Enquirer: 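Below is the structure I would like to discuss, written out as structure tokens.
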Amino acid sequence: MRLYRINENVRKPIIAGNWKLHKTLQEAVQLVTLLKRSLPADQDVEVVVCPPFTALSETAEVLMESGIHVGAQDLYWEDKGAFTGEVSAPLIKDAGAGFVIVGHSERRQFFHETHETVNKKTKAALKAGLAPIVCVGETLAEREAGKTFAVLEDQLKGAFLGFTQEEIRKVIVAYEPVWAIGTGRTALPEQAQEAHAFIRKEIQKRFGEEAAKALRIQYGGSVKPDNIGSLMKQEDIDGALVGGASLEADAFAEIVKTAGKAAREKEVRSCCTP
Ligand code: 13P
């Protein structure tokens, strides 16, 4: 019998919306106002929205005491200085955010993010008290070449080099296969589960059983209201990082609610099935 969530290794499901480069300030405020109305504060699911930097503080203001958290989509690792155009963890925190996405595949692909920068950014986020959502995932070519696990191993090793068990406990990992992002081609629940189980195993190898058990791993890539339920049923899928479907209040709220329902069923199943 395995206990899920009803013990100290609480893995509260976490659904985050990555808005990417979308929404003016007015549109952002409108969206979070709608979300606040449709998602009551006592959700069993932790909910995060990640607007562009320009809308961070206003959305945080609207969402104050709503139970919905705000996150940034990137950060720079230095706190301050002559780094034109960059935004640091303390500034993100000051804007009212509690989370930050690190190493998204779009940043790795278009903005030359490396293992080293992901590592520095994740450390900087933790130092400022932000919860980092660290993204990993293979491209289609890597999957077809049978390199998925090698790529994940490499990315995890790079991201968490020099981390302590204590630090790992504050991190969230998002498995986002690049071929599933924005393509409408979601990974099969079993495919995602296989990758999530691998990630947990890697964390266990490096940081021990407790850290691995407590680690929340989100799935990302074409998550929609109609596929979140089957993904969340998988043992090692603890939430989702949602792109396109997070831009629309109804779709995102439905994803959160369906995820909560699936997580509760999973909890009952794992607690009460011998
Ligand atoms: P989509 O949900 O649009 O595929 O995007 C996923 C993603 O990249 C979230 O970070």
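What you see is a predicted model; the values in this text were computed from it and never measured. Count residues from 1 along the sequence. Counting starts at 1 for both ligands and their atoms, in listed order.
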Enquirer: Considering distance alone, does some N or O of Asn18 sit under 3.5 Å from an N or O of ligand 1?
Expert: yes
Enquirer: When you look for heavy atoms under 4.0 Å from ligand 1, do you find them on the side chain of Ala180, its backbone, both, or neither?
Expert: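 Ala180 to ligand 1: backbone contact only, side chain stays beyond 4.0 Å.
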Enquirer: Locate the shortest heavy-atom distance separating Leu75 from Ala124; write the atom from each residue and the value.
Expert: CD1-CB, 4.2 Å
Enquirer: Below 4.0 Å from any atom of ligand 1, is there a heavy atom belonging to Lys224?
Expert: no
Enquirer: Does Gly221 have a heavy atom less than 4.0 Å from any atom of ligand 1?
Expert: yes
Enquirer: Give yes if a backbone or side-chain nitrogen or oxygen of Gly182 is under 3.5 Å from a nitrogen or oxygen of ligand 1, and no if not.
Expert: yes
Enquirer: Applying a strict 4.0 Å limit to heavy atoms, is Ser222 in contact with ligand 1?
Expert: yes
Enquirer: Establish whether Phe99 and Leu241 are linked, either directly or via other cluster members, by ILVMFWY side-chain heavy-atom contacts under 4.5 Å.
Expert: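 Hydrophobic grouping puts Phe99 with Leu241.
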Enquirer: Does a salt bridge link Asp44 with Lys261, judged by any charged N lying under 4.0 Å from a carboxylate O?
Expert: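 Salt bridge between Asp44 and Lys261, a charged N being under 4.0 Å from a carboxylate O: no.
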Enquirer: Only heavy atoms of Glu176, strictly under 4.0 Å: list the atoms of ligand 1 that pass.
Expert: 6 (C), 7 (C), 8 (O), 9 (C), 10 (O)
Enquirer: What are the two closest non-hydrogen atoms of Met232 and Ala262, and how far apart are they?
Expert: CB-CB, 3.6 Å
Enquirer: Which bit of Leu241 is near ligand 1, meaning a heavy atom under 4.0 Å away: side chain, backbone, both or neither?
Expert: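 Both backbone and side chain of Leu241 come within 4.0 Å of ligand 1.
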Enquirer: Between Lys23 and Pro51, is there a donor-acceptor pair closer than 3.5 Å when you use the side chain of the first and the backbone of the second?
Expert: no
Enquirer: Looking only at heavy atoms, what is the nearest atom pair of Gly96 and Ala60, with distance?
Expert: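 Heavy atoms only, the tightest pair is O-CB, 3.7 Å.
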Enquirer: Would you mind listing which atoms of ligand 1 come within a distance below 4.0 Å of any non-hydrogen atom of Gly244?
Expert: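 Within the 4.0 Å cut-off of Gly244, ligand 1 contributes 1 (P), 2 (O), 3 (O).
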Enquirer: To the nearest 0.5 Å, tell me how far Arg200 CZ sits from Glu235 CD.
Expert: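 One finds 8.0 Å between CZ of Arg200 and CD of Glu235.
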Enquirer: Tell me which protein heavy atom sits closest to atom 2 (O) of ligand 1, plus the residue, atom name and distance to 0.1 Å.
Expert: Gly243 N, 2.9 Å
